Amino acid sequence: MLIFDDYKEIILKRLRELYPDISQNDVELGRDYGDFTLKIFKLKEDPKIILKKIKENLSEDFIERIDLQGNYINFFIRPENMLGIIYNSIKDFGYFPNTFQDTSKVLIEHTSANPTGPIHVGRIRNSIIGDSIYKILERYGYRSCTQYFVNDSGKQVISLYLGHVKYHKNEKPDLQNLLDGYQRIYREMETNKSIENEIEALAERYEKGDKELIDNIQHVASIVLDSVKSSLKKIGIEISTYVWESNFILYGDVNKMLESISENLKSEGSAKYIEIGDKKIFLTRADGTSLYFSRDIVYHLFKQENFDWLVDVLGEDHKDHAKNLEYVLKTFFDFQSKIDFVFYGFVSLENGKMSTRKGRIVTLDDLYEKTIEESVKIIKEKRPDYDENLIKNVSEAIAASSIRFNIVRVNANKPIVFKWSEALNFEGDSAPYIMYSYARACSVLRKSSKSGGELGNDYNKYEKDLIRVMYSYPYSLKSAVEFLRPDIIANYLLNLSKAFNEFYLNCPVINTPEESKRILLIMVYKNIMEDASKLIGIKLLDEI
RNA sequence: GGGCUCGUGGCCUAGUAUGGAUAAGGCACCGUCCUUCUAAGUCGGUGAUCGUGGGUCCAAAUCCCACCGAGCCCGCCA
């Protein structure tokens with residue numbers, strides 16, 4: 001929970017003393033008209049009288065003035081009051097807003113990609129959204145943790161193993177030959193049906209607990225998984241815990257789960273299913289092997305043992321699966337945790353869908369390398385004085401931040417078409433724009449000898465705008481949590497950076513009478529930038 | 001065919017949950033500003049019947065209905 005002096009709440013309370021019907025939504029954060037705005041359409045009273053009554057009842061010090069404009073009443077807050085709240089919070093607690101530690105434990109499951117190939121730009125949307133949600137919930141005061149559910153027991157990963165046995169048996173398995181074997185076996189399958197039988201035979205042995213086979217499959221899967229981990233690490237994503245699907249089979253949890261709901265299971269041949277309306281959800285195959293749905297039930301029951309709130313980040317292709325899963329968990333099992341699903345639209349290439357099997361992908365590593373290259377080129381052009389070490393630091397920060405920002409800033413339910421020209425654009429609404437604005441602030445602070453200890457009392461338009469955007473940070477944070485939408489933080493950062501850039505261009509600091517006051521403003525800005533950037537994985541540097 | 005999601009200037013994105021002030025940014029294009037703290041920046045200009053058609057309402061990008069277009073799902077795959 002966020003803790004700060006919320007002027008909106010105070011204003012709302014006073015307004016309701018006069019007009020009890022005023023709702024939360026009738027008062028909103030103002031844009032250019034005022035700091036807070038009340039819509040008075042509903043009040044059915046002469047606006048001038050409303051204004052008069054409100055002015056009489058709202059005599060708080062922090063109110064600078066109250067204006068009537070058409071059907072809106074605008075409230076202007078003294079900038080020094082807003083800034084004072086932010087500044088005091090940072091001074092006392094290290095950040096603004098302060099938080100109250102929530103007792104709820106939340107687990108964010110993200111990525112969980114089948115370990116059958118390198119992670120590509122289609123899949124990183126999952127990781128980027130998931131990691132950002134994790135950091136946002138953590139900041140808000142939840143005790144948070146991330147988890148990757150590793151599929152090492154489905155047909156895909158069995159194919160990965162079989163591909164290696166068939167085509168690269170004498171080579172030590174590595175990412176390259178595993179991927180080749182995987183793609184080759186799917187090509188082969190198109191003409192040779194017997195391969196499917198081989199896979200099924202392996203699945204059956206697997207399910208019966210063939211230890212050697214399970215170990216071998218886990219071995220190849222872990223090689224691929226390690227590559228996924230190291231790719232994600234480059235963009236600042238480290239997942240707290242990994243849970244392997246095979247464990248639930250090995251230790252009999254899947255079977256126990258099936259027994260516990262045996263009354264509700266129906267049979268078609270030897271295959272078992274649950275009926276939801278006229279839909280059949282199969283839990284086991286005719287040969288007795290388990291299906292993803294069963295393993296996912298067991299996995300969610302396992303998760304709820306330790307967490308009060310589960311958040312699953314899933315591709316939009318999982319919408320039906322998730323709906324059915326939630327229904328089954330709540331109907332047939334003792335499932336108490338709160339559960340939320342965050343879906344995201346696919347990232348496609350300009351020439352169509354990505355496919356690991358068909359080799360039509362842009363991997364995260366490719367994208368990272370190209371972004372570094374482009375960034376180095378630009379740094380050498382713009383900052384000829386930077387040494388190799390600095391170039392390396394800056395280009396790596398820009399690459400990680402740009403990749404994350406370009407993906408996280410768009411609303412998850414919109415599809416994205418990946419374009420190199422956009423991925424490598426470092427101007428306008430981009431991560432470097434935010435990083436640049438921050439570096440400018442750092443530069444001023446470096447060059448000033450003032451410590452910024454005093455709050456001023458007259459702030460010009462640019463200073464006031466900056467203060468207002470900074471004050472609105474908790475509102476964005478709150479929305480991001482409420483709707484599990486990290487894009488809200490990304491857009492907030494753009495607005496904040498823009499407000500600073502305008503201030504910077506119009507308000508000289510060093511060697512002016514306003515230096516102390518403005519240094520304080522910049523210090524506060526720096527703190528909020530660091531706070532918000534961290535949430536979506538933008539790496540800020542003192543100089544870029 | 002059924003279900004879910006999306007459609008906002010030439011291109012990309014915000015605004016839609018909670019209807020309300022001239023639809024806000026960016027890219028591209030034209031022009032402005034470095035004798036002052038990083039020009040990856042700033043300011044100005046060109047450019048939008050908010051997919052189409054109805055409806056509700058004092059008021060619709062936002063709500064409702066229909067249609068069109070795109071994506072995803074409709075497996076004893078995951």
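Quick caveat, the model's predicted, so the values are computed rather than measured. All chains are named by letter (A, B, ...) in the order of the sequence lines, taking the proteins before the strands, and each is independently numbered beginning at 1.
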Is A:N511 atom CG crowded by more than 12 heavy atoms from other residues, nucleotides or ligands, each under 6.0 Å away? no

Any stacking of A:Y33 on B:A21, going by centres under 5.5 angstrom and planes within less than 30 degrees? yes

From B:A39, B:G71, B:A14, nucleotide with atom closest to A:R485 side chain: B:A14

Between B:C63 and B:C6, how far apart are the P atoms? Round to whole Å, please. 10 Å

Test for a donor-acceptor pair under 3.5 Å between the base of B:A78 and the side chain of A:R295, counting only N and O atoms. no

Kindly say whether A:N255 contributes a backbone atom to a donor-acceptor pair with the side chain of A:D253 at under 3.5 angstrom? no

Is any side-chain N or O of A:K414 closer than 4.0 Å to OP1 or OP2 of B:A14? yes

Is the base of B:A21 touched by the side chain of A:T37 through a donor-acceptor pair closer than 3.5 angstrom? yes

Give the rounded distance in Å between these two atoms: CZ of A:F426 and P of B:C27. 14 Å

In whole angstrom, give me the gap between the C1' atoms of B:C27 and B:U46. 15 Å

What distance, rounded to whole Å, do you find between the two C1' atoms, one in B:C12 and one in B:A48? 15 Å

For B:C63, the nucleotide meeting Watson-Crick or G-U wobble distances (both under 3.5 Å) is B:G55

Could you state the interatomic distance from CD1 (A:I281) to CG (A:N324), rounded to the nearest 0.5 Å? 3.5 Å

Same-atom distance (P) from B:G71 to B:A66, integer angstrom: 22 Å

Do A:F341 and A:H318 have ring centroids that are under 6.0 Å from one another? no

For A:R440 and B:A39, is the shortest distance between a side-chain N/O and OP1 or OP2 below 4.0 Å? yes

With rounding to whole Å, what would you report as the distance between B:U8 and B:C50 at their P atoms? 12 Å

Among B:C73, B:A21, B:C37, the nucleotide that comes nearest once only the side chain of A:D320 is considered: B:C73

Anti/syn call for B:C34, syn if |chi| within 90°: syn

Counting only side-chain nitrogens and oxygens, does A:R383 get under 4.0 Å of the OP1 or OP2 atom of B:A39? no

Looking at B:U42, does its base get a donor-acceptor pair with the side chain of A:Y433 below 3.5 Å? no

Quantified in whole Å, what is the C1' atom distance between nucleotide B:A40 and nucleotide B:A59? 43 Å

Applying side-chain contact (heavy atoms from CB on, under 4.5 Å) between A:L162 and each of A:I217, A:V220, A:L202, report the one that passes. A:L202

Please walk me through it: do A:K377 and A:E373 pass salt bridge (Lys or Arg N to Asp or Glu O under 4.0 Å)? CA-CA 6 Å; A:K377 204 175 90 196; A:E373 269 173 43; over 6 Å; no

Per nearest nucleotide of RNA chain B, the residue lying toward the 5' end, A:E200 or A:K42, is A:K42

State the pairing partner of B:C29; accept Watson-Crick or G-U wobble contacts with both distances under 3.5 Å, and report none otherwise. B:G45

Please pick, from B:C76, B:A78, B:G15, the nucleotide with the shortest atom-to-atom distance to any side-chain atom of A:E245. B:A78

Could you give the CD1-to-C1' distance, from A:I416 to B:C6, as a whole number of Å? 13 Å

Atom pair distance, as rounded to whole Å: NZ in A:K353 and C1' in B:G71: 10 Å

A:Y436 side chain, from C-beta outward: closest of B:A40, B:C6, B:A78: B:A40

Starting at CG of A:L43 and ending at C1' of B:C58, how long is that distance when rounded to a whole Å? 15 Å

Please state whether the phosphate of B:C74, meaning OP1 or OP2, lies under 4.0 angstrom from any side-chain nitrogen or oxygen of A:K279. no

Strictly by modelled atom types, are A:D312 and A:H110 linked by a side-chain donor-acceptor pair under 3.5 Å? no

Looking only at atom C1', what distance separates B:U49 and B:A61, rounded to whole Å? 12 Å

Would you please confirm or rule out a distance under 4.0 Å between OP1 or OP2 of B:A78 and any side-chain N or O of A:Y292? no

A:L445 near the nucleic acid: base, sugar-phosphate alone, or nothing, with a heavy-atom cut-off under 4.0 Å? nothing

Atom CG of A:N495 and atom P of B:A14 are separated, to the nearest Å, by 13 Å

Please confirm whether the backbone N or O of A:A431 pairs with a side-chain atom of A:S402, one donor and one acceptor, at under 3.5 Å? no

Measure from CG on A:L162 to C1' on B:C77 and round the result to the nearest Å. 16 Å

Between B:G51 and B:U16, how far apart are the C1' atoms? Round to whole Å, please. 16 Å

Rounded interatomic separation in angstrom, taking CZ from A:F346 and P from B:C73: 6 Å

Kindly point out which of B:A14, B:A21, B:A40 is positioned nearest to the side chain of A:N491? B:A14

Per the side-chain contact (heavy atoms from CB on, under 4.5 Å) rule, which among A:I378, A:I372, A:I544, A:L390 passes with A:S395? A:I372

Counting only non-hydrogen atoms, which of residues 497-512 of chain A are less than 4.0 Å from RNA chain B? A:K498, A:N501, A:E502, A:Y504, A:L505, A:C507, A:P508, A:V509, A:I510

In terms of the angle between their ring planes, are A:F282 and A:Y273 parallel, tilted or perpendicular, with boundaries placed at 30° and 60°? tilted

Nearest-nucleotide 5' precedence on RNA chain B, A:R446 against A:G34: A:G34

